[in-house]
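A short write-up of the structure that comes next.
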Amino acid sequence: MGSKQDLRHLPGSPVDGPPANSSSGFEHLPSFKDVPSSEKLALLGRKLKLCSVLSDFTDPSKNIKEKEVKRQALVETVDFIGSPGNIKLNEVAYEEIVKMVSVNLFRSLPPSPHSSSVSEGHDPEEEEPTMDPAWPHLSLVYELLLRFVASPDTDAKQAKRYIDHAFVLRLLDLFDSEDPRERDYLKTILHRIYGKFMVHRPFIRKAFNNIFYRFIFETEKHNGIAELLEILGSIINGFALPLKEEHKLSLVRALIPLHKPKCVTLYHQQLLYCITQFVEKDMKLADTVIRGLLKYWPITNSQKEVLFLAELEEVLEATQAPEFQRCMLPLFRQVSRCLNSSHFQVAERALFLWNNDHIISLVTQNRQTVLPLVFSALERNTRNHWNQTVHGLTVNVRKMFLEMDKDLFDECQRKYLEEEEKSKGLEEKRENNWKRLEAAAASRVEATGGSKTNTLGLPLGAIAVAGS
């Protein structure tokens, strides 16, 4: 087995070799199976040096031979690191692997060709992502890193010196890549790092929150929010009970405000999973989540409103009576507004809440509060809503309340009719006031011989002339 000194003083090793962007030194190296065990670490060093030379993929016809030599070296190195029973890597090998990975992966991401169109209202879902032309090499480097991190032979205590906070931060920067293949690898690798390197866990969670803060309150542009939330959902799933205050603050300060950006549809599924995980772990958080949803409730975006209603049902599914009672007043005021939405999908989704047995149970227990809040919206839908499906669903919900408590229903109907009569009386009074004002204005015009006057009785224009 090679010693620490073997790899460091190997002629042409990454430590002693030329800069990573050098184009020299490409040569076919022997396969690992063709050398004895005592020379395998030395050969690994030479292959890692070769793989640290960057290739220009902007021109497909350039350096074709060199690209193929590097690709073959990457394939063999991936197989060597991922195969059980091979030589155990020493700490110097750890360092050189991380160096090679850093040289290849940590780069400036190209500017998005869609960045200007996003601000003009184009839908990011409809645009083709920019694929990195260097992916034939990048994919192998990612696979090597994944196998290195996931290998049971990799000692976390030694590897943490090289897979450190700076390395993790630079990995997180790459989540903004437009290439979904790259983000998928990053998601898997970072999840493995979180699981293996326990010492990095608080730092990684804090770094996630910092990305979310910048996205929510500054840029509203980031390609990897869905992937980051997917990792976070798995992390939340493993939180011990009772939840730490740090985790609850993350919910309030980062996850709930993630409902604010216009592009929430791109990552809502992953966000919903994180939110429901919190509520299932601590049911007392249901009130906090529901009030947070109401705070960021969309006013003019019907597509977001449908998503919010679907999320509301998921959260209510895990909500118990005490938490429901704390938030039911603002909650059903908002539901009432949704019931009367002229966008039929919003009204329909709001009415679907009454298809959920758990929500019906909560509403039944608190019908004295809920029915008066939604009764007028149900009545207006029954009489005036243009969509037949919404009309039919409204009739069903109305009938449900009638069967639930006929006396309460009749009381609400009586109050609604009284309010309607009162409203009609006020409208008539307003109309009469306007008619009297119009008549007074007409009589004043006649009294002044047809010339128009202002409220002081002076001819119009007199004040302007006096002040000129």
Side-chain angles (χ1 to χ4, degrees), residues 291 294-295 297-302 305 308-309 312 325 327-354 359-360 362-448 450 452-458 460:
R291 288 181 183 275
L294 297 176
K295 178 181 178 182
W297 201 275
I299 297 172
T300 58
N301 189 330
S302 299
E305 214 166 351
F308 275 46
L309 285 163
L312 190 60
Q325 288 164 1
C327 64
M328 62 185 174
L329 284 172
L331 168 60
F332 279 93
R333 287 192 190 108
Q334 182 59 57
V335 170
S336 178
R337 287 190 285 271
C338 292
L339 291 172
N340 282 153
S341 174
S342 57
H343 194 294
F344 80 96
Q345 288 179 328
V346 175
E348 184 179 63
R349 194 64 190 80
L351 288 160
F352 281 162
L353 293 174
W354 277 271
I359 295 175
I360 290 174
L362 292 171
V363 168
T364 303
Q365 294 170 42
N366 299 278
R367 59 187 179 277
Q368 297 287 343
T369 302
V370 174
L371 182 54
L373 291 172
V374 300
F375 187 87
S376 59
L378 294 172
E379 285 296 302
R380 283 193 292 271
N381 272 7
T382 305
R383 300 180 185 187
N384 304 320
H385 206 285
W386 64 272
N387 184 272
Q388 285 301 310
T389 303
V390 171
H391 184 273
L393 289 168
T394 303
V395 169
N396 291 341
V397 172
R398 193 174 177 277
K399 182 181 177 184
M400 188 185 300
F401 275 116
L402 178 61
E403 293 171 352
M404 194 184 293
D405 192 331
K406 187 176 185 306
D407 292 340
L408 177 61
F409 186 92
D410 291 342
E411 177 65 17
C412 290
Q413 190 165 44
R414 182 185 63 77
K415 287 183 178 178
Y416 175 77
L417 293 173
E418 286 178 1
E419 287 293 322
E420 197 173 39
E421 285 300 316
K422 186 178 178 181
S423 178
K424 285 180 181 177
L426 289 172
E427 185 63 31
E428 288 175 5
K429 187 177 179 182
R430 190 179 297 112
E431 286 290 331
N432 291 333
N433 285 340
W434 275 112
K435 287 176 182 177
R436 282 200 300 273
L437 285 169
E438 289 169 356
S443 63
R444 180 168 291 179
V445 169
E446 290 176 6
T448 56
K452 294 181 179 179
T453 62
N454 58 26
T455 53
L456 299 175
L458 296 172
L460 290 177

| request: For side chain to side chain contact (heavy atoms under 4.5 Å, CB included), just list the numbers for F352 and V397, CA-CA rounded to whole Å, side-chain angles, deciding distance to a tenth of an Å, and then say yes or no. | output: CA-CA 9 Å; F352 281 162; V397 172; over 6 Å; no
| Pair L362-V370, side chain to side chain contact (heavy atoms under 4.5 Å, CB included): steps then yes or no | CA-CA 10 Å; L362 292 171; V370 174; over 6 Å; no
| said: What verdict does the side chain to side chain contact (heavy atoms under 4.5 Å, CB included) test give for R380 and Y416, after you've listed the backbone C-alpha separation in whole Å, the side-chain angles of each residue and the deciding distance to 0.1 Å? | reply: CA-CA 10 Å; R380 283 193 292 271; Y416 175 77; 3.9 Å; yes
| Stepwise side chain to side chain contact (heavy atoms under 4.5 Å, CB included) check, R349 with C338 | CA-CA 9 Å; R349 194 64 190 80; C338 292; over 6 Å; no
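When all heavy atoms are compared, the tightest approach of P372 to R367 is CD-O, 3.6 Å. Looking at every heavy atom in both residues, V335 comes nearest to A350 through O-CB, 4.5 Å. When all heavy atoms are compared, the tightest approach of E348 to V390 is N-CG2, 4.1 Å. Heavy-atom minimum distance, C327 versus R291: CA-NH2, 3.8 Å. Shown here for L378 and T394, the closest heavy-atom pair between the two residues is O-CG2, 3.3 Å.
Evaluation of the side-chain hydrogen bond (donor to acceptor under 3.5 Å, both in side chains) rule for R414 yields E411, E418 as partners, not counting sequence neighbours. Listed by chain and number, the residues in a side chain to side chain contact (heavy atoms under 4.5 Å, CB included) with E419 amount to none (sequence neighbours excluded). With sequence neighbours excluded, the residues that form a side chain to side chain contact (heavy atoms under 4.5 Å, CB included) with W386 are F344. Partners of H343 according to the side chain to side chain contact (heavy atoms under 4.5 Å, CB included) rule, which considers only residues two or more places apart in sequence or in another chain, are S302, S341, Q345, V346. Every side-chain hydrogen bond (donor to acceptor under 3.5 Å, both in side chains) that E427 has, sequence neighbours left out, goes to R430. By the salt bridge (Lys or Arg N to Asp or Glu O under 4.0 Å) test, K422 pairs with no residue at all, sequence neighbours left out. Listed by chain and residue number, nothing satisfies the side-chain hydrogen bond (donor to acceptor under 3.5 Å, both in side chains) test with K435 (two or more places apart in sequence, or in another chain). For Q368, the side chain to side chain contact (heavy atoms under 4.5 Å, CB included) criterion is met by D405, L408, not counting sequence neighbours. Annotation: side-chain hydrogen bond (donor to acceptor under 3.5 Å, both in side chains) contacts of R337 (sequence neighbours excluded): Q334.
Here L402 contributes atom CG and D407 contributes atom CG; the two are 10.5 Å apart, rounded to the nearest 0.5 Å. Note that CG of N381 is 10.0 Å distant from CG of L393, once rounded to the nearest 0.5 Å. With rounding to the nearest 0.5 Å, the separation of CD in Q413 from CG in D410 is 6.5 Å. The structure places CG of L339 at 9.5 Å from OG of S376, a figure rounded to the nearest 0.5 Å.
Sorted by first and then second residue, the salt bridge (charged side-chain N to carboxylate O under 4.0 Å, His left out) pairs with a member in residues 391-401 read E379-R398; sequence neighbours excluded. Counting only residues at least two apart or in different chains, salt bridge (charged side-chain N to carboxylate O under 4.0 Å, His left out) contacts with residues 327-336 are absent.
At most 12 heavy atoms of other shown residues, nucleotides or ligands fall within 6.0 angstrom of atom CD1 in I299.
For the pair I360 and M400, the minimum side-chain heavy-atom distance is below 4.5 Å. Side-chain atoms of N396 and W354, non-hydrogen and from C-beta on, never get closer than 4.5 Å to each other.
The main-chain N or O of A441 is never found under 3.5 Å from a side-chain atom of R444 such that the two would form a donor-acceptor pair.
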